[in-house]
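Encoded as structure tokens, the structure appears first; notes follow it.
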Amino acid sequence: MKKIAADLAMAFTDFLNRDLLSKDWNYKAGPDKWTKKEIIGHLIDSAQINLQRFVRSTYTENIKVTYDQVEWVNAQHYGAADIGELLELWRLLNRQIVRVLENYPPDRLQIQCDIGQALTSYQSVENLAHDYVNHLNHHLKAIELV
């Protein structure tokens, strides 16, 4: 988990060290797409839900922690938020996830968490951590491309 934590720290730190003020945070690639600001909001939601999964799986098995990503982005009105505040919240949430992953109990890495919406979908904490970093990198690349 220490390697995953280091990869996560590098991903969000590298992104935050770029020239973010020059970005058009309200850019939307299509009518059914999120703005760049809403993508950061989605990453905030992802950080919150995964932090819950990681923490709760240290002491509970087979928990179910899901979220409706579109509904969460809409309900939180990320498009109307200050991008500086969103980036700071996202940074702090990821700092906390790094702290949790760096100290994750080795005997809990294969504990299962149900992430399925309609159907049960168990994933190990270790896989969830890998997927979290991959998901984050995917969205950061999308923000960078345009």
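Along the sequence shown, residues carry numbers from 1.
At least one donor-acceptor pair closer than 3.5 Å links the side chain of Asp24 to the backbone N or O of Asn26. Side chain of Trp25 to main chain of Leu20: a donor-acceptor pair is present (N/O by atom type, distance under 3.5 Å, no hydrogens or angles). Not one N or O on the side chain of Lys33 forms a donor-acceptor pair closer than 3.5 Å with the backbone of Lys28. In this structure, the side chain of Tyr132 does not engage the main chain of Leu8 through any donor-acceptor pair within 3.5 Å. Between the side chain of Lys36 and the main chain of Tyr27, no donor-acceptor pair closer than 3.5 Å is present.
Legend: residues meeting salt bridge (charged side-chain N to carboxylate O under 4.0 Å, His left out) with Arg56, ordered by chain and number and at least two apart, are absent. Considering only residues two or more places apart in sequence or on other chains, His130 meets the side chain to side chain contact (heavy atoms under 4.5 Å, CB included) condition with Ile4, Glu126. Listed by chain and residue number, Lys3 satisfy the salt bridge (charged side-chain N to carboxylate O under 4.0 Å, His left out) test with Asp7 (two or more places apart in sequence, or in another chain).
Cluster partners of Ile63, using a side-chain heavy-atom cutoff of under 4.5 Å among ILVMFWY residues and allowing indirect links, are Ile49, Val65, Tyr67, Trp72.
Applying the salt bridge (Lys or Arg N to Asp or Glu O under 4.0 Å) test to every pair with at least one member in residues 70-93, sequence neighbours left out, gives these pairs: Glu88-Arg91. The salt bridge (Lys or Arg N to Asp or Glu O under 4.0 Å) contacts involving residues 97-115 comprise Glu61-Arg108, Lys64-Asp114, where partners must be two or more places apart or lie in separate chains.
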(message) Show, in sequence, the C-alpha distance, side-chain angles and deciding distance for Tyr78 and Ile39, and conclude whether the side chain to side chain contact (heavy atoms under 4.5 Å, CB included) test is met.
(response) CA-CA 9 Å; Tyr78 289 121; Ile39 293 171; over 6 Å; no
(request) For the pair Met1 and Leu109, evaluate side chain to side chain contact (heavy atoms under 4.5 Å, CB included) and give the outcome as yes or no after the intermediate values. (result) CA-CA 8 Å; Met1 286 294 245; Leu109 294 177; 3.1 Å; yes
